[in-house]
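In what follows, every heavy atom counts, from backbone to side chain, and hydrogens, waters and symmetry copies are set aside.
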Amino acid sequence: MSSVTCSISEQVILGVNALRFIKTTITSKPFHAYVAKIDATQTVVEDQLDDVTDFPTLIDELPDNEPRYIVVSYRKEHDDGRVSYPLVFIYYCPETAPPQKLMLYASTQTSFANETKLGKSLLVEDKEKFSEEWEELFY
């Protein structure tokens, strides 16, 4: 039996769910990001990053020494002409973050993914590698 380290606020769950349906409400913006952080005993929304229109800007906005949970929705055009809007859950945990925060975020990651109904998660430990490795995912 696993214990829950932090609770996930309803605001965060609603924010992530809103990304699931963004394709039907806003089609002019092909990239959306939702970022959450842990504050004391629950996960709270940090920012929906309305000004972030692409992946490089998202990377620039992330703190250098603080973990974050990131959910990204983006427009992807397939070779056969279909358009999809995948949701990607990214657990950003820079190696330079304090060990206590890394443990807190790691212990809450599965709970976050389960409560927001996100499947596969990606682990990113370095902004430089993040930029190089994941930029292809979005373009």
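The side-chain heavy atoms of Glu125 and Pro94, taken from C-beta on, include no pair separated by under 4.5 Å. Annotation: side chain of Val124 is not in contact with side chain of Cys93 (no heavy-atom distance under 4.5 Å).
Between Ser111 and Cys6, the shortest heavy-atom distance links the atoms OG-O, 4.5 Å. Here the closest non-hydrogen pair linking Gln109 and Tyr91 is OE1-CD2, 3.1 Å. Closest non-hydrogen pair, Lys127 versus Asp60, comes out as NZ-O, 3.9 Å. Minimum heavy-atom separation, Val71 to Phe89: CG2-CD1, 4.3 Å. Nearest approach of Arg20 to Leu118, heavy atoms of both residues: NH2-N, 4.1 Å. Of all the heavy atoms in His32 and Leu19, the pair that sits closest is CB-CD2, 3.7 Å.
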*How far apart are the C-alpha atoms of Val72 and Leu87, what are their side-chain angles, what is the distance that settles it, and do they pass the side-chain contact (heavy atoms from CB on, under 4.5 Å) test?*
CA-CA 6 Å; Val72 172; Leu87 278 182; over 6 Å; no
*Please step through side-chain contact (heavy atoms from CB on, under 4.5 Å) for the pair Glu115 and Ile13, ending with a clear verdict.*
CA-CA 7 Å; Glu115 288 194 39; Ile13 294 169; 3.7 Å; yes
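Distance check, rounded to the nearest 0.5 Å: NZ of Lys37 to CD1 of Ile70 gives 13.5 Å. Interatomic distance, OG1 of Thr116 versus CD1 of Ile8, reported as 7.5 Å (0.5 Å rounding). Atom OG of Ser107 is separated from atom CG of Leu102 by 11.0 Å, given to the nearest 0.5 angstrom.
For Tyr105 and Tyr69, the distance between ring centers is under 6.0 angstrom.
Shown here are the side chain to side chain donor-acceptor pair (under 3.5 Å) partners of Asp80, two or more places apart in sequence or in another chain: Arg82. With sequence neighbours excluded, the residues forming a side chain to side chain donor-acceptor pair (under 3.5 Å) with Thr57 are Asp54, listed by chain and number.
If you chain together hydrophobic residues whose side chains sit under 4.5 Å apart, Leu122 and Val35 fall into the same group.
Sorted by first and then second residue, the side chain to side chain donor-acceptor pair (under 3.5 Å) pairs with a member in residues 92-102 read Asn65-Thr96, Glu66-Lys101; sequence neighbours excluded.
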